[in-house]
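What follows is one structure encoded as C-alpha cells, with my remarks underneath.
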Amino acid sequence: MHILLVASAFNSLTQRVHVELRDHGHTVAVELALPERPLAEAVRRHAPDLVLAPMLKTAIPREVWAAYPCFIVHPGPFGDRGPSSLDRAIQRGADRWGVTVLQAVEDMDAGDVWASVDCVVPPVGKSDLYRGEIADAALTAVLLAVERFASGTHTPRPQGPAHAEYTPVRIRPYLDQSVRRIDWHADSTETVLRKLRAADSQPGVLDVLCGAEWYLHGGHPEGGLRGAPGELLATRAGAICRATTDGAVWIPELRRRRAPGRPPTYKLPAVQALGDRLPSLPELAAPDSADPRRRTWTDIGYREEGSVGVLSFSFPGGAMSTTQCRRLLDAYRQACARPTSVLVLGGQRDFFANGIHLNVIEAAEDPAAESWANINAIDDLVEAVLTTTDRLVVSAVAGNAAAGGMMLALAADEVWCRAGAVLNPHYRLMGLYGSEYWTYTLPRRVGAATADRLLGEALPMSAASAHDLGLVDRVVDCGPGDFAAEVGRLAARLAALPGSPSRIAAKKAELERQECGEPLAAFRERELTRMRRTFDEPDAPYHALRRAFVHKRRPRSTPPHLGLAATTAARAAAGADRSTRTRVTGTALDDLSRRPDGWYQES
C-alpha cells in the first residue's frame, strides 16, 4: 500500500513507523502538520491508500478523514482518551499500559479501534518508555491494523455502549503544572520520581531553585544521601542531588522558564544551567562498581563478568558534550586496563548516542570554538576504540543512534543492535560534513556507493535493514529491559569461542597494515579540515540549523526528502544506479545542506 504518515514532527516514533512500514514493503511518505500548510491539500497530492498519524498534536480535519481512511496512534489502552495519557499513567504508578490504533472521527480519540496492544511500564522516564516499550507496542499495533485494513474483511471495534464488550471510556484532561508540582516537604522519593519521570523529557516539572524558576528534567533515586527536604546536597557529572522527605533524587538537566518576550529556553546539564547560582556543593565521584543493591545514579558505569567487561553510559537525549566525551574516554581507557578479552560498549537501554551536544554548544560563549572542542573530544573517543588491539570491542546499541553516535558504534569490531532501534547514519540535516572517522568506517562496512546513498538520502533505517547492509552484525530481538542481560550472555559466548584469540591477533595486524598505507590520522585530518571550515564560517547553514534544532523551531514546510515515497527495494535500486546520483562528498555535501527551509529532525 501507499501510506502517508501525518505527524507534528518527525520524532522517534514516527521514524520507527516509517522504517518498519518500508521494511514490510509499503511505500511511505511523510507530511508534517504545520500551521500554515493546508493538510487537506497535501494529502490529496499524495493520494494515499491510508493516512497514519504516529504522533499528532492537532486534530485531522474533517475534509481529510471523511475522504481517506485515517488511523491515529494513541499511547493509551482501549477506551483511554486525552492528551496526557502516558504522563498520567507514569505519575499514578501504572505497571501496565498500552497503545491503541483507532480511526479518526470528529471527536478526539473516539473512533473505531483497529488494534490495541498492552505493554509493561518499567520505572523509567517517559521519553525512555516512549522509545522503548510504548514504541514496541505501537509497532505491533500499527502493523496489525495495517494488515487488517489491507485484508478488507476486518470490522474494527467501536468505542461505545452498543458493543457487546463495552469498556467505559476514560477521558483524561491535560496534565498541567498544578498537578505535576512537587511538594518537597511532603512528597516521598517515590512520588517525586514519578512526577519527574512523567514529565521527561517534556514539559519538565516547573519548580523554584536557587531563586529562579526552572523546569526539572529527568529523575533518578539516591539512597545514601540525606538532607532537609528540598535542599541541594551534591553534584555528579553535571547533575544535582536534591533531598526529599525520605531520601534524595538526582536531576540531570534544567531548563530556565521562558521570560515574556524572550527567546525559548532549552535544556542544559543542571550544574551548567545554574552557573553562579549554584551553592558550593561536594562533587561526588561515581561509585566504584555498578552495585545493583546501591540506589544511586551515574551516567557511566563499568562491571565485569569473567572475561567480559561492560562499559555502559547513558547521556540524556543521547547527546555527548565535550566533558562527557572526555569522561567516557577516561573510563574506556580504565576498562582497557582490565584483564578482559571482550569489552562491551553501550547503555543498558534507550539511546546509544547521537553525536555532539548541540544544546551545550548553543549555550557556549563561542559556539564555533565549543563545536571544535566537542568534535575533537568525540574523535578522540572513536580513535581509542579503533586502535584497541588487545581485545574484541562490541558496540551494544540498545536504542536509537545517529550521526557521530552511529559512527562511534561502527568503530567497534562488532555492532549488536536491539531490533527496535532506529539508526540515522548521516549528518547533512545539520549542515555538517561529519567526522568520527566515518570516511574510514562507513565505506569499510557497506562500500563507497552505499555510504554515499545513506549520507545523501538522510533517512532513518531499522536495525534489520542495517543488518542487511552490513552496518550491524547482530540484531537482538528482545524487549528494552532484556537487552543488557542478552548482550551479557552473547558477550560471554564470544569470549569463550576458540577463534576469538586469533581474531584479536588479526585485528592488530590489520591495523598495522592500515597505518603503513593510509593511516587513520589522515582520515581524521581530512574530515576535521571540512568541519573546521564549517564551524568558523558564521553564515554556514550549520549555525542556523543548530539554533533551529535547539530552540525547536518548526520548519516552514515538510523537508523534501521526507515527502518522497520510498521502500527499501526502491532505495536499494536507486543506490545501485550510480549514473543517476551525485556523489555526496566534497562540495556536493555542502550544496545539499544549504537549504532555506530548515532540514532538521526532532528526536
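We count residues from 1, following the sequence as given. Atom set for the values below is all heavy atoms of this structure, side chains included, hydrogens, waters and symmetry mates excluded.
- For Arg524, the salt bridge (Lys or Arg N to Asp or Glu O under 4.0 Å) partners two or more places apart in sequence, or in a different chain, are Asp379, Asp380, Glu383.
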* Asked: Hey, mind stepping through Arg474 and Glu414 against salt bridge (Lys or Arg N to Asp or Glu O under 4.0 Å) and telling me if it holds?
  -> CA-CA 8 Å; Arg474 181 188 294 273; Glu414 294 194 18; 5.3 Å; no
* To do: Assess whether side chain to side chain donor-acceptor pair (under 3.5 Å) is satisfied between Ser314 and Asp299, documenting all intermediate values.
  => CA-CA 5 Å; Ser314 180; Asp299 56 356; over 6 Å; no
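- Among residues at least two apart or in separate chains, ring pair (Phe, Tyr, Trp, His ring centres under 6.0 Å) pairs with a member in residues 503-532 are Tyr440-Phe523.
- When only modelled atom types and interatomic distance are considered, Thr439 and Arg526 share no side-chain donor-acceptor pair under 3.5 Å.
- A donor-acceptor distance shorter than 3.5 angstrom exists from the side chain of Asn354 to the backbone of Gly317, with no hydrogens or angles considered.
- Residues Thr534 and Gly431 share a closest heavy-atom pair of CG2-O, 3.9 Å.
- Under a 3.5 Å cut-off, the side chain of Asn400 and the backbone N or O of Val422 do form a donor-acceptor pair.
- With hydrogens and angles ignored, the 3.5 Å screen pairs a side-chain donor or acceptor of Ser321 with a backbone N or O of Gln324.
- For residues 459-484, no residue pair satisfies the ring pair (Phe, Tyr, Trp, His ring centres under 6.0 Å) rule, not counting sequence neighbours.
- Looking at every heavy atom in both residues, Leu39 comes nearest to Glu31 through CD1-CG, 4.3 Å.
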* Audit row: Phe535, Tyr542, ring-ring contact (aromatic ring centres under 6.0 Å, His included) steps and yes/no -> CA-CA 8 Å; Phe535 294 154; Tyr542 159 71; 5.3 Å; yes
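- Applying the salt bridge (Lys or Arg N to Asp or Glu O under 4.0 Å) test to Asp366 and every residue at least two apart in sequence or in another chain returns nothing.
- Residue Ile134 comes nearest to Val99 through the heavy atom pair O-CG2, 3.6 Å, listed as atom of the first residue, atom of the second, then distance.
- Residues Arg418 and Asp477 are not paired through a salt bridge, judged by the lack of any N-O separation under 4.0 Å between the basic side chain and the carboxylate.
- Within a 6.0 Å radius of CD in Glu41, other residues, nucleotides and ligands contribute 12 heavy atoms or fewer.
- Glu36 and Arg556 are not joined by a salt bridge, as no carboxylate oxygen comes within less than 4.0 angstrom of a charged side-chain nitrogen.
- The backbone N or O of Ala411 lies less than 3.5 Å from no partner atom in the side chain of Thr441, so there is not a single donor-acceptor pair.
- Ser435 and Met531 make their closest contact through CB-CG, 4.2 Å (heavy atoms, listed as atom of the first residue, atom of the second, distance).
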* Asked: When you look at Arg22 and His18, which way does the side chain to side chain donor-acceptor pair (under 3.5 Å) test go after all the steps?
  -> CA-CA 6 Å; Arg22 290 201 327 256; His18 189 271; 2.4 Å; yes
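- The backbone N or O of Ala401 lies less than 3.5 Å from no partner atom in the side chain of Asn424, so there is not a single donor-acceptor pair.
- Of the possible polar contacts, one joining the Glu527 side chain to the Trp438 backbone as a donor-acceptor pair under 3.5 Å is found.
- For the atom pair OG of Ser371 and CG of Asn376, the computed distance is 11.0 Å after rounding to the nearest 0.5 Å.
- Looking at Asn11 and Tyr130, their side chains do bring a donor and an acceptor atom within 3.5 Å of each other.
- Met406 and Pro425 make their closest contact through CG-CB, 3.9 Å (heavy atoms, listed as atom of the first residue, atom of the second, distance).
- Under the side chain to side chain donor-acceptor pair (under 3.5 Å) criterion, Asp350 pairs with Arg131, sequence neighbours left out.
- A donor-acceptor contact under 3.5 angstrom links the side chains of Thr27 and His2, judged on distance only.
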* Please test Arg349 against Glu133 for salt bridge (Lys or Arg N to Asp or Glu O under 4.0 Å), starting from the C-alpha separation and ending with a verdict. => CA-CA 11 Å; Arg349 50 177 296 146; Glu133 285 81 0; 2.7 Å; yes
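- Legend: ring pair (Phe, Tyr, Trp, His ring centres under 6.0 Å) pairs involving residues 367-388, not counting sequence neighbours: none detected.
- Between the side chain of Ser502 and the backbone N or O of Gly499, at least one donor-acceptor pair lies under 3.5 Å.
- Considering CD of Glu525 and CG of Leu520, their distance stands at 13.0 Å, rounded to 0.5 Å.
- No close placement of the Phe315 and His357 rings is indicated, their centers lying 6.0 Å or farther apart.
- Atom-to-atom distance recorded for Leu442:CG and Glu436:CD is 11.5 Å, nearest 0.5 angstrom.
- Checked options Lys508, Lys507, Arg444; the residue passing with Asp413 is Lys507 (criterion: salt bridge (Lys or Arg N to Asp or Glu O under 4.0 Å)).
- Ion pairing between a basic and an acidic side chain is recognised when a charged N comes within 4.0 Å of a carboxylate O; Arg326 and Asp330 show no such pairing.
- Atoms OH and OG, on Tyr302 and Ser312 in that order, are 11.0 Å from each other to the nearest 0.5 Å.
- Contact between Ala421 and Val397 at its shortest, heavy atoms only, is CB-O, 4.5 Å.
- Counted within 6.0 Å of CD on Glu147, heavy atoms from surrounding residues, nucleotides or ligands total 12 or fewer; the atom is thus considered open.
- No donor-acceptor distance shorter than 3.5 angstrom exists from the side chain of Asp49 to the backbone of Met1, with no hydrogens or angles considered.
- A salt bridge is absent between Arg513 and Glu510: the closest approach of a Lys/Arg side-chain nitrogen to an acidic carboxylate oxygen does not fall below 4.0 angstrom.
- With salt bridges taken as basic N to acidic carboxylate O contacts below 4.0 Å, one links Glu20 and Arg16.
- Side-chain contact annotation: Ser12 with Gln15, donor-acceptor N/O pair under 3.5 Å absent.
- Thr322 and Glu370 share a donor-acceptor pair across their side chains, judged by distance under 3.5 Å alone.
- With hydrogens and angles disregarded, no donor-acceptor distance shorter than 3.5 Å links the side chain of Arg391 to the backbone of Val342.
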